[in-house]
Amino acid sequence: MAWDPKAVSKDRIAEWTHIWAAREFGPAHAQEIATLVSRYAKYNAWRKPEQLRPDTYSLENFDEAERMVALWLDLRSRAEAINDKLPETHKAAYYQLVLHPIRGCCNLTQMQVAAARNKRFAEQARASTNEEAEEVKRLFSEAHAIRDTYNHDLSNGKWNHLMDQTYIGYFDWYQPVQDIRPPVSELDLPDTSQFGVAVQGARQGWPGYYLAPNLPVLDSLYRPSSWIETFPRGKRPVDVQLVASEPWIILKQDTAFSVGKADRRHRVEIDWRKLPPGRSTGTVKISNRQDSGSAGAQSVTVTVTAIRASAQEERAAKGCWGSLAGAFSIPASDYARNVPADGVQWGPIPDYGRVDAAMSIFPVNAASMADPKRAPRLEYPIFVGEAGEWTFDLVTAPTLKVDPNHALSLALWVDDGPPQIVTVFSPENRESEEFLGKASEINARNDMRIMRFKAMIAKPGRHVLTVAMVDPTIVLQTIIAHRDTLPTSYFGPPAKKIA
């Protein structure tokens, strides 16, 4: 690759990784090993490991932290399975190059998310706060065990001290002298059987918070379910019952995202056949059972709002990206039309960034185009349940301005509306966005940049969203669409096309 960089194009990177894996470990497991290596590098690029914090991924919104832990656990499980199949002669190299980084990064993600749960559960007065504190301590010890396996056990200590560098508890980009365990809280639990309630989309716990709990709006096109969690707040077990006010509210037992053995998650789904089109509201009442021995009756009522699309809306929305209520996202590579212009076209970069494939302009040295309507463009069918001003956040690579002859600009519009052009490194933002500037530091940490557009949509229904080139070298990953304040998260809403 170093001798002939042009031989390894963007479409051959995966092939190169496969060739490397076959050379090092043989052809039998080369494809899976190549996937493991590319995946852990991809996940780490989403957020640099030394910059990972307990609050990086959201516990409340989009099941984000839970999904990230699941991704790493799946990757670790697959890596362990390959390790069990390799001959002993290959295992030391496999540990160094594949298994060690996956174990370490999986453990780090688990630990930081457990620290996030510990903090959140303390705020909600969950008894499992203390169990999460012990989990953080266990995972911190496991991090050092993973390190010691590399330093002391691998090849009879041949690589001692190679993994001595600290990596937990960074101060910005500066490594600590010693690894610093994430801080934890512990509660002095009362000797009671009082219960608490948490809901998706909120960090608070009930009873206790002054506003009543509401689930995120459920949507027959985009968001079919949500969840409620119940948990003890004291030393004694709790026995609660959940009762739905409407026959269209379905409650199912699920697994809580917690190490607390007494925490329970209740999935809230909708029987859409029993709902008329439009908005409907019901409740779920949580109370302790009369025979549970608890001191005093308790109850919490959670509001459930669901919007069912009409038959006409379902037909219009088919094959679109969108929702009846709330934010949605679009993978850049899942366009309906890719329109070239003057020999220039948007093309995929496989397995790049936060998506299966990002999109960029090729050739990369194409000339800038002043008229977006005559430039290469991508078209996406969208469906919105509400008219008004919409915000479109384009998640791009944190590209620097490498060619002084052109800016870094994109254009966006809806239907036949006027194009809006947004430029990176504009005069008012240049100092922050240049290398070592404030925005540049954030972009490097998150491995992405957001270019924000506004567009008026005159009426609900099906529309065409267009993103057009103005300048080359911008790499587009995802489009996030929202009307109101976007729920706090790292990635935004998961992409889901309306079937």
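Please read these numbers as outputs of a predicted model, since none were measured by experiment. We count residues from 1, following the sequence as given.
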Subject >> Asp239 side chain vs Arg289 backbone, donor-acceptor pair below 3.5 Å >> reply: no
Subject >> Partners meeting side chain to side chain donor-acceptor pair (under 3.5 Å) with Gln200 (sequence neighbours left out) >> reply: Asp63, Ser226
Subject >> Donor-acceptor side-chain pairing of Asn61 and Ser489 below 3.5 angstrom >> reply: no
Subject >> Backbone of Ala79 reached by a side-chain donor or acceptor of Tyr94 within 3.5 Å >> reply: yes
Original post:
Is the backbone N or O of Tyr167 less than 3.5 Å from a side-chain atom of Asp179, with the two atoms forming a donor-acceptor pair by type?
Top reply: yes
Original post:
Would you call Arg138 and Glu134 a salt bridge, taking side-chain N to carboxylate O under 4.0 Å as the test?
Top reply: no
Subject >> Ring-ring centroid check Phe491 Trp46, cutoff 6.0 Å >> reply: yes
**OP:** Is it possible for you to check whether Arg117 lies under 6.0 Å from the centre of the six-membered ring of Phe257, through NZ or CZ, and within 45° of that ring's axis?
**Re:** yes
Original post:
Under 3.5 Å, is there a donor-acceptor pair between the side chain of Ser225 and the main chain of Glu269?
Top reply: no
Original post:
Distance-only, no hydrogens or angles: does the Asp447 side chain make a donor-acceptor pair with backbone N or O of Pro398 under 3.5 Å?
Top reply: no
Subject >> Name of the residue among Val199, Ile286, Ile228, Val284 meeting side-chain contact (heavy atoms from CB on, under 4.5 Å) with Pro213 >> reply: Val199
Original post:
Does the side chain of Tyr150 pick up a donor-acceptor pair with the side chain of Gln96 at under 3.5 Å?
Top reply: yes
**OP:** Would you verify whether the NZ or CZ of Lys10 falls within 45 degrees of the ring axis of Tyr352 while also being under 6.0 Å from that six-membered ring's centre?
**Re:** no
Original post:
Judged by modelled atom types alone, do His152 and Asn160 share a side-chain donor-acceptor pair under 3.5 Å?
Top reply: yes
**OP:** Measure from NZ or CZ of Arg354 to the centre of the six-membered ring of Tyr490 and say whether it is under 6.0 Å with the direction within 45° of the ring axis.
**Re:** yes
Subject >> Pair Arg126 + Glu131, salt bridge at N-O below 4.0 Å >> reply: no
Original post:
Has the side chain of Thr230 got a donor or acceptor atom that lies under 3.5 Å from a matching backbone atom of Val197?
Top reply: no
**OP:** Could you check Ile382, Val355, Leu394, Thr478 and say which one makes a side-chain contact (heavy atoms from CB on, under 4.5 Å) with Ile330?
**Re:** Ile382
